[in-house]
Engineer: 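Just passing along the structure, written as C-alpha cells.
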Amino acid sequence: MRNKLRNLLAMAAVAAATGATVLTGATGASAAAQDWAGCPDGNVCIYAEGRYSNIGAGDITNKYFRYGTYNLSNQVNQHWVLNNQTAPFEDAYVKLCTGYNGTGDCSKVLGPGYGEYLNLTPINSIVLYR
C-alpha cells in the first residue's frame with residue numbers, strides 16, 4: 001500500500017507540474033479497512049498546507065469520522081484531502097463548500113477512496129454524507 005501511495009503521489013507531482021487536476025485513489029478490496037497515508041479507515045482527512053509528498057499521520061490537521069457538516073478555519077492554500085471512507089462506508093462522500101454550514105458552491109465532491117490536492121482558500125465547510 002505504501003508503494004502504491006508513493007506511485008500515486010509521484011503521478012500527482014507530474015500532473016501538478018503540468019497543471020492537471022489529479023484524482024488519486026485506493027479502490028477495491030485492497031482499500032477496505034486500511035489506513036491510507038495515516039488517515040484511519042472510515043475518516044476524511046485534511047493534511048497540513050503545502051505537504052505534497054510523503055504525507056503521513058503526523059501531517060493530518062483535520063480528521064472527520066461522523067456524517068455531518070463541519071466548518072473549516074485556517075485552511076488556506078494547497079492541502080491533500082483524502083476520503084478514506086471505504087467498506088462498509090463505500091457509498092460515503094465528502095463535498096467541499098464555499099460557504100459555512102454546507103452552503104454556497106458545493107460542486108466539488110470526493111468519492112470514497114479518493115483524494116485530491118486542493119486549494120482550500122475558498123472552502124469554508126465540508127459535508128460528509130451517504
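Keep in mind that the numbers below use all heavy atoms, side chains included, and drop hydrogens, waters and symmetry copies. Keep in mind that what you see is a predicted model, and the values were worked out from it rather than measured.
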Engineer: Given side-chain contact (heavy atoms from CB on, under 4.5 Å), test Y47 with N62 step by step and report yes or no.
Structural biologist: CA-CA 7 Å; Y47 292 78; N62 298 58; over 6 Å; no
Engineer: May I have the step-by-step check of side-chain contact (heavy atoms from CB on, under 4.5 Å) for L96 and L120, ending in yes or no?
Structural biologist: CA-CA 9 Å; L96 293 82; L120 294 185; 3.7 Å; yes
Engineer: Taking T86 for its side chain and G113 for its backbone only, find out whether a donor-acceptor pair lies under 3.5 Å.
Structural biologist: no
Engineer: Passes side-chain contact (heavy atoms from CB on, under 4.5 Å), Q78 versus N119? Steps please.
Structural biologist: CA-CA 4 Å; Q78 299 294 125; N119 178 6; 3.0 Å; yes
Engineer: Looking at OH of Y64 and CG of N84, how far apart are the two atoms once the value is rounded to the nearest 0.5 Å?
Structural biologist: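 That separation rounds to 15.5 Å.
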Engineer: Under 3.5 Å, side chain of H79 to main-chain N/O of I46, donor-acceptor pair present?
Structural biologist: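 Side chain of H79 to backbone of I46: no pair is present.
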Engineer: Which atoms form the tightest heavy-atom contact between R51 and N54, and what is the distance?
Structural biologist: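 Distance-wise, the nearest heavy atoms are NH2-O, 3.3 Å.
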Engineer: Tell me the closest heavy-atom pair linking A92 and P112, and the distance in Å.
Structural biologist: O-CD, 3.2 Å
Engineer: Aromatic contact between Y129 and Y67, with the criterion being ring centroids under 6.0 Å apart: yes or no?
Structural biologist: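 Between Y67 and Y129, which both carry aromatic rings, the centre distance is not below 6.0 Å.
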Engineer: Please confirm whether the backbone N or O of K63 pairs with a side-chain atom of Y70, one donor and one acceptor, at under 3.5 Å?
Structural biologist: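 Absent.
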Engineer: Taking C-beta and beyond as the side chain, do V127 and V94 meet within less than 4.5 Å on heavy atoms?
Structural biologist: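 With C-beta onward as the side chain, the pair stays apart.
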Engineer: Is any side-chain heavy atom of L118 closer than 4.5 Å to a side-chain heavy atom of K108?
Structural biologist: yes
Engineer: Evaluate the ring planes of Y117 and Y52, with Trp represented by its six-membered ring, and classify them as parallel (under 30°), tilted (30 to 60°) or perpendicular (over 60°).
Structural biologist: perpendicular
Engineer: Specify the closest pair of heavy atoms between Y100 and L72, including all atoms of both residues, with the distance to one decimal.
Structural biologist: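 The pair with the smallest heavy-atom distance is CE2-O, 3.9 Å.
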Engineer: Please test C97 against T103 for side-chain contact (heavy atoms from CB on, under 4.5 Å), starting from the C-alpha separation and ending with a verdict.
Structural biologist: CA-CA 6 Å; C97 303; T103 63; over 6 Å; no
Engineer: Tell me if a side-chain donor or acceptor on S125 pairs with a main-chain N or O of G102 at a distance below 3.5 Å.
Structural biologist: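 Yes: the side chain of S125 pairs with the backbone of G102.
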Engineer: Any side-chain donor-acceptor pair under 3.5 Å between N101 and T69?
Structural biologist: no
Engineer: So, the side chain of N83 versus the backbone of G111: is there a donor-acceptor pair under 3.5 Å, distance only?
Structural biologist: yes
Engineer: Write down the atom of N124, the atom of T98, and the distance for their closest heavy-atom approach.
Structural biologist: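 Shortest heavy-atom contact: ND2-O, 2.6 Å.
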Engineer: Does any donor atom in the side chain of Q85 or N43 lie under 3.5 Å from an acceptor atom in the other side chain?
Structural biologist: no
Engineer: Counting C-beta onward and ignoring hydrogens, is there a side-chain heavy-atom pair between K95 and V109 closer than 4.5 Å?
Structural biologist: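 A side-chain contact exists here, since the closest heavy-atom pair is under 4.5 Å.
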Engineer: For V44 and C39, work out which heavy atoms get closest and say how close.
Structural biologist: C-SG, 4.2 Å
Engineer: Looking only at the side chains, is there a donor atom on one of E49 and N77 sitting less than 3.5 Å from an acceptor on the other?
Structural biologist: yes
Engineer: Which pair of heavy atoms, one from L128 and one from I126, lies closest together, and at what distance?
Structural biologist: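 Distance-wise, the nearest heavy atoms are CD1-CD1, 3.8 Å.
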